[in-house]
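A short worksheet on the structure shown next.
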Amino acid sequence: MARYIAKRLFYMFVALFIIASVSFFLMKMLPGSPLSAQDKLSDEQQEIVLEKYGLNDPLPVQYVRYLGNIVKGDLGISFQFSNTPVTKIIQDRIGPSMQLGFQALVVGTILGVLLGMIAAIFHNGFLDYSSTLLAVLGTSIPSFVFAGLLQWVFAVELGWFPVAFWGGFEYTVLPTIALMIFPMATAARFIRTEMLEVLGSDFITTARAKGITEYAVVFKHGLRNSLIPLITVIGPMAISLLTGSLVIEQIFAIPGIGEQFVNSIMVNDYPTIMGMTLLIAFLFILIVLVVDILYGFIDPRIRISGGEK
Amino acid sequence: MDQNKLSKDMFEPLEHKEDTSEKIARPSRSFMQDATRTFVRNIAAMFALTVLVVISVMSIIGPSMNEFGYDDQDLTRAKIPPRIPVLENISWLPFDGTMTETFQGTNVEDATAKAIMRFKTEEEFVDVKVLNEGNGTRNSAEVDVTYHSYQALGLDDTYFWLGTDNLGRDQWTRLWKGTRVSMIIALAAAAIDLVIGVAYGGISAYLGGRVDNIMQRIIEILVGIPNLVVILLMIIILQPGIVSLIVAMIITGWIGMARIVRGEVLKLKNQEFVLASRTLGASTGRIITKHLLPNISGIIIINTMFTIPSAIFTEAFLSFIGLGLVPPEASLGTLINTGFDNLRTYPYMFIYPAAVISLIMIAFNIMADGLRDAFDPKMHK
């Protein structure tokens with residue numbers, strides 16, 4: 001197991017190194033200068049500013065310094081908000097994103113598991129078809145279409161929730177619903193398939209034959225055995241949350257990471273773009289890694305073979 | 001005993017028949033025929049296929065069905081609601097070319113004046129229905145005002161079937177033009193993913209040994225890099241456009257296909273029928289095209305069918321946050337983006353593109369599910 005984790009950690013760092021390097025050189029390739037009022041500055045002034053930020057050094061020197069700064073946790077200074085370090089922007093904005101992501105993941109998974117269970121218990125019945133339909137709609141309809149409709153119906157027309165911005169809990173309701181649809185639908189589809197398989201297996205027949213209640217069959221035997229493989233789809237769910245946060249935060253004007261990322265791209269704030277790219281990549285890789293390691297603990301086949309699939 | 005006195009003439013000789021127990025009673029079908037049968041019997045999948053065919057045909061002929069071009073700007077006719085001949089006479093359908101909104105004011109006149117301001121029109125082109133006379137206090141009066149936009153603009157004989165957008169472009173033309181662009185991007189991305197993925201995975205698995213080892217290490221590193229990050233970085237440095245979107249999507253898009261194909265080829269290449277073929281002297285090319293590819297075609301088709309909707313989503317997603325196509329180019333993403341900005345006042349601009357993209361995504365997903373069942377021997381009846 002230790003060997004497996006070490007190997008995965010190694011790959012994780014290689015991937016992060018590649019992302020950092022690629023984003024560095026791509027940003028350097030882009031036309032334009034970080035000086036916003038270039039024409040108003042004399043050559044001498046320009047020289048001083050470029051010297052101050054080390055932009056006059058040869059590219060390899062800048063690259064090594066950039067990597068060194070990342071290791072030290074310094075992501076540079078934002079162009080857009082002068083003198084604000086990128087790490088500060090991230091610190092200020094990660095709260096709302098984390099809260100939304102967490103709420104969406106928890107509520108979405110719980111509702112999804114319930115939907116999937118209902119579908120499996122009433123296999124081929126009306127409830128099964130309805131929840132399957134709901135799951136297909138949830139995985140198919142783009143989150144921003146759904147978010148737009150939610151905002152229009154529940155905020156603009158009915159006025160039940162605030163239209164946008166960030167405040168108390170009521171501000172999080174619509175964005176959370178918009179974000180949780182995909183995790184919910186994924187979990188529902190997955191649990192339905194797993195439950196059907198588990199409920200059809202011999203030990204369930206044995207349990208029924210021994211006369212235990214249907215409740216115990218479904219919850220103690222069925223659900224427990226179907227929940228373990230659910231860990232494998234947490235990866236795709238987390239990706240959908242990261243992707244979704246970019247548009248959902250934009251739609252509901254939430255001061256989070258996703259909204260800042262899109263805005264930084266719009267105004268060519270390269271240090272912030274690079275910092276946020278690294279952050280998103282890091283979160284993504286970390287989640288996948290944790291999921292894989294968790295699964296390694298549960299599934300002995302992965303552990304024993306040392307990750308050779 | 002009677003039974004012992006049976007005379008010989010009581011017996012009839014049984015006619016000799018050949019043994020029929022081994023006979024195949026039904027016509028034998030190949031795997032592909034079985035798969036097709038299962039798929040055709042799947043009502044949901046067939047329905048999805050029909051929807052997709054209709055949408056594809058409309059994306060081809062739709063833009064030329066009326067006289068408007070997708071980039072014909074005319075600000076005088078901006079933001080006109082949908083109006084369709086014949087259907088305009090059915091009052092509960094939203095196709096009569098009118099807009100109805102509720103206005104509030106201190107009294108009826110005040111509320112009506114607000115409505116006329118809002119629609120930038122004259123009194124003769126609005127119908128006022130008083131909901132609440134009001135008592136002179138602020139916003140106590142309520143009126144429902146119906147605005148006849150076509151008459152007001154002197155367009156009595158013109159029909160914009162789905163209305164016009166914020167620059168006066170015909171939404172019907174733009175909707176199908178946008179669908180066409182989105183479909184082209186998705187199909188191209190999926191096709192290139194397929195070619196690269198199958199080639200990479202196939203070569204890696206078929207050659208095996210050190211080549212496989214190196215190619216797999218490369219994949220393991222690439223898989224760690226999130227798709228979203230790669231696509232966003234590519235979009236930032238490339239000029240916005242159809243080609244850039246496709247390039248950004250295929251940079252990491254082929255990896256899933258490569259892994260699946262490698263797994264399947266590894267399983268197949270040491271099976272007896274391949275070994276037999278090789279023993280009989282078949283060339284590598286023949287083994288790949290005649291034995292390996294047909295056996296993995298099912299899984300390739302299914303995987304591609306799941307790639308297409310995710311590519312459509314990615315395009316729409318990028319265009320929605322403003323990183324995809326730029327106006328006047330239309331795609332489902334840019335249309336939804338414009339529609340979203342006007343959602344509050346002109347919902348029809350959002351509803352139709354949103355409905356089309358949702359339909360496409362649902363139909364592709366249901367069809368892919370149906371294909372997965374069709375290629376699963378356990379599901380054959």
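Naming: A, B, ... by sequence-line order, numbering from 1 per chain. Only this structure's heavy atoms are used, side chains among them; waters, hydrogens and symmetry mates stay out. Please read all numbers here as calculations on a predicted model, not as lab measurements.
- A heavy-atom distance below 4.5 Å is found between the side chains of B:Arg217 and A:Tyr11.
- In this structure, the separation between OG on A:Ser140 and CD1 on B:Ile312 is 11.0 Å, given to the nearest 0.5 Å.
- With values rounded to the nearest 0.5 angstrom, A:Thr132 atom OG1 is found 10.0 Å from B:Asp369 atom CG.
- Top candidate by heavy-atom pairs under 4.5 Å with chain A, chosen from B:Leu359, B:Ile235, B:Leu233, is B:Leu233.
- Only the side chain of B:Ile351 comes within contact range of chain A, with at least one heavy atom under 4.5 Å from a heavy atom of that chain.
- The local environment of CG in A:Leu59 is crowded, with over 12 non-hydrogen atoms from other residues, nucleotides or ligands closer than 6.0 Å.
- Both the backbone and the side chain of A:Leu26 have a heavy atom closer than 4.5 Å to some heavy atom of chain B.
- Separation of atoms CG (B:Leu228) and OG (A:Ser245) is listed at 8.0 Å; rounding is to 0.5 Å.
- The greatest number of non-hydrogen atom pairs below 4.5 Å with chain B, out of A:Leu16, A:Ile265, A:Val22, is found for A:Ile265.
- For chain B, the nearby part of A:Val262 is the side chain; its heavy atoms alone come within less than 4.5 Å.
- Neither the backbone nor the side chain of B:Phe364 comes within contact range of chain A; no heavy atom of the residue lies under 4.5 Å from a heavy atom of that chain.
- Distance check, rounded to the nearest 0.5 Å: CD of A:Glu259 to CD1 of B:Ile321 gives 11.5 Å.
- Considering only heavy atoms from C-beta on, B:Ser358 comes within 4.5 Å of A:Pro142 through its side chain.
- By the 30° and 60° cut-offs, the orientation of the rings of B:Phe320 relative to A:Phe144 is parallel.
- Top candidate by heavy-atom pairs under 4.5 Å with chain A, chosen from B:Gln216, B:Met234, B:Glu220, is B:Glu220.
- Interface remark: B:Leu232 contributes side-chain atoms only to the contact with chain A (heavy atom separation under 4.5 Å).
- When A:Ile285, A:Ile273, A:Val247 are compared by the number of non-hydrogen pairs under 4.5 Å with chain B, A:Val247 comes out ahead.
- Taken to the nearest 0.5 Å, the CD1 atom of B:Ile362 stands 8.5 Å off from the OG1 atom of A:Thr139.
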Would you sort out whether A:Met276 and B:Val229 count as a side-chain contact (heavy atoms from CB on, under 4.5 Å), showing the intermediate values? CA-CA 10 Å; A:Met276 300 249 168; B:Val229 164; over 6 Å; no
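- Counting heavy-atom pairs under 4.5 Å between each of A:Leu242, A:Ile18, A:Ile251, A:Val14 and chain B puts A:Ile251 at the top.
- The candidate from A:Leu289, A:Leu137, A:Leu149, A:Leu278 with the greatest count of non-hydrogen atom pairs under 4.5 Å with chain B is A:Leu149.
- Counting non-hydrogen atoms of neighbouring residues, nucleotides and ligands closer than 6.0 angstrom, the CZ atom of A:Phe13 reaches no more than 12 such neighbours.
- Side-chain contact between B:Ile336 and A:Val145 is present, with at least one heavy-atom pair separated by less than 4.5 Å.
- The minimum heavy-atom distance between A:Ser143 and B:Phe313, with the atom names listed, is N-CE1, 4.2 Å.
- Proximity to chain B is absent for every atom of A:Phe146, based on heavy atoms less than 4.5 angstrom apart.
- Atom CZ of A:Phe282 has 12 or fewer heavy atoms from other residues, nucleotides or ligands within 6.0 Å.
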